[in-house]
Amino acid sequence: MTDLFSPVTLGDLRLANRIVMAPMTRSRAGTGDVPTDLMVEYYRQRASAGLIVAEGTQPSANGKGYCRTPGIHTAEQVAGWRKVTDAVHRAGGCIALQIMHVGRVASHLNKDPGSETVAPSALRAAGRIFTDAAGMVEYDLPRALRTDEIPGVIAEYRRATEYALDAGFDGVELHCTSGYLPMQFLANNTNLRDDAYGGSPGKRMRFVVETLEAMAAAAGPGRVGLRICPGNPFNDVVDDDPVTTYSGLLRAIDPMGLGYLHVMRSPIRELDALALARRHFRGPIIGNDSFKLASAQRVVGDGTCDAISFGRYFIGNPDLVHRFRHGAPLAEFDQNTLYTPGEHGYTDYSSLVA
């Protein structure tokens, strides 16, 4: 019987088990958005996961939104990430990098001088964002990308994929949820364009499809994943018909042979995102969002998902695989230290494994 502890192959990625560490922003990068030795230790501690999907990482200076997030567009960043992947591989783990361009979900106070906040349309997101310089501030008003600029943004994702491979990652994942740039192109309230990248669902999905094609050309499709959450309203994104949007997107990308589809369960009660994914995507599926051990075992056992990713469980339990396997109690995590600098609430959680 298939269970969470059995091995699985996702495209070109071979996992020792089906327990995936979900990507989570932790805001611990150093000067120049370079991964630090603290990040090396954090990921090394969690290398028993079948797959680690490392935190959302900007493919360019323009793609940064939050303070202290890492990049993958300079030689120094590549070298910093190489220390992380080497440590995970020495511990027997497998690790992919989530590439995250936030689009309009940004403040210039968190960005390098000279960089911009860009989006499909010049619409400011509702809400506020934390900055080290000034605390909570309004999101930037983004500049709408010109049609002739869009291939350049897609090229940033391709270069980031190449850099990720140079840094030793086993694969890459396109972040296409949480209201960031790819989702901004998909959603009708954030994409008011009247060119080839806006209007009908088929045109709104074009950016995502072309970006995945570019990433697959750089890494091979079996090393590329996609993360989605149909109907997710986070960061002021509204899609009037997410079933139509995501059914069309999945049908468009299904022939690519991607390594996996990472599906967060939809906040819309009547929308079963996992069932939608199974109908329109023939490749491996990683399920995510609020799974517990029993529910994860159930959906893996019945074939709904090939693996399950866990986020916050992995924060307080670097040895989560061991605890699941042996029925050990799970430790709580400190919500107050999710995004604060330093080791407290990051690398100082205890492990039951010697």
Side-chain angles (χ1 to χ4, degrees), residues 10-13 15-17 19-30 32-60 63-66 68-74 76-102 157 159-178 180 215 218-219 223-227 259-260 262 264 286 288 307-315 317-318 320-321 338-339 346-347 349:
L10 308 180
D12 293 339
L13 306 179
L15 282 55
N17 59 67
I19 300 169
V20 175
M21 178 174 162
M24 293 174 285
T25 294
R26 300 303 309 276
S27 296
R28 259 70 173 196
D33 303 334
V34 174
T36 62
D37 289 343
L38 200 61
M39 292 170 63
V40 174
E41 176 62 11
Y42 170 73
Y43 286 111
R44 184 203 64 78
Q45 291 174 349
R46 290 154 178 83
S48 60
L51 172 67
I52 292 174
V53 184
E55 64 207 85
T57 298
Q58 55 262 15
S60 65
K64 184 179 181 181
Y66 301 102
R68 290 173 268 109
T69 54
I72 187 70
H73 53 91
T74 71
E76 293 77 14
Q77 292 162 1
V78 170
W81 277 122
R82 169 60 78 170
K83 294 179 182 178
V84 172
T85 61
D86 283 349
V88 169
H89 290 149
R90 282 196 298 269
C94 180
I95 184 167
L97 181 66
Q98 186 187 72
I99 301 178
M100 180 178 83
H101 190 308
V102 301
Y157 279 96
R159 285 194 297 272
T161 299
E162 293 168 344
Y163 286 145
L165 298 180
D166 290 344
F169 283 98
D170 300 294
V172 291
E173 177 179 291
L174 174 61
H175 195 340
C176 188
T177 183
S178 301
Y180 301 135
M215 294 169 67
R223 296 190 181 277
V224 177
L226 171 68
R227 194 180 206 210
Y260 64 84
H262 195 171
M264 298 177 68
I286 301 174
N288 173 262
I308 297 295
S309 69
F310 300 88
R312 294 190 171 190
Y313 278 175
F314 263 112
I315 295 176
N317 301 275
L320 182 64
V321 175
L338 285 176
Y339 310 113
Y346 190 60
T347 56
Y349 289 105

Flag the pair [X] / [Y] as yes when at least one side-chain heavy-atom distance between them is below 4.5 Å, and no otherwise.
X: Q77; Y: T57; value: no
X: Y260; Y: V20; value: no
X: M100; Y: S178; value: no
X: V172; Y: R223; value: no
X: N288; Y: R227; value: yes
X: Q58; Y: H73; value: yes

Sequence-distant partners of [X], ring pair (Phe, Tyr, Trp, His ring centres under 6.0 Å), two or more places apart:
X: Y346; value: Y42
X: Y180; value: H175
X: H101; value: none
X: Y157; value: none

Please list, chain by chain and in numerical order, all residues satisfying side-chain hydrogen bond (donor to acceptor under 3.5 Å, both in side chains) with N317, sequence neighbours excluded. R323

Not counting sequence neighbours, which residues clear side-chain hydrogen bond (donor to acceptor under 3.5 Å, both in side chains) with R68? List them please. D132

Atom [atom1] of [X] and atom [atom2] of [Y]: how far apart are they, to the nearest 0.5 Å?
X: M21; Y: L320; atom1: CE; atom2: CG; value: 10.0 Å
X: I19; Y: S48; atom1: CD1; atom2: OG; value: 8.0 Å
X: I286; Y: L226; atom1: CD1; atom2: CG; value: 11.0 Å
X: R28; Y: L338; atom1: CZ; atom2: CG; value: 8.0 Å
X: D33; Y: E76; atom1: CG; atom2: CD; value: 11.0 Å

Residues that A16 engages under side-chain contact (heavy atoms from CB on, under 4.5 Å), provided they are two or more places apart: none

side-chain contact (heavy atoms from CB on, under 4.5 Å) against V78, all qualifying residues, sequence neighbours excluded: I72, Y163, D166, A167

Can you pull the salt bridge (charged side-chain N to carboxylate O under 4.0 Å, His left out) pairs that have at least one residue in residues 42-58, sequence neighbours excluded? E41-R44

With sequence neighbours excluded, what pairs up with [X] under the salt bridge (charged side-chain N to carboxylate O under 4.0 Å, His left out) test?
X: D12; result: none
X: R312; result: none
X: R26; result: none

If I compare all heavy atoms of [X] with all of [Y], which pair ends up nearest, and what's the gap?
X: L97; Y: A54; answer: CD1-CB, 4.0 Å
X: S27; Y: Y339; answer: CB-O, 3.6 Å
X: G50; Y: C94; answer: O-CB, 3.6 Å

Before you tell me yes or no, could you show the steps for D170 and H89 under side-chain contact (heavy atoms from CB on, under 4.5 Å), namely the whole-Å CA-CA distance, both residues' side-chain angles and the distance that decides it to 0.1 Å? CA-CA 10 Å; D170 300 294; H89 290 149; 2.8 Å; yes

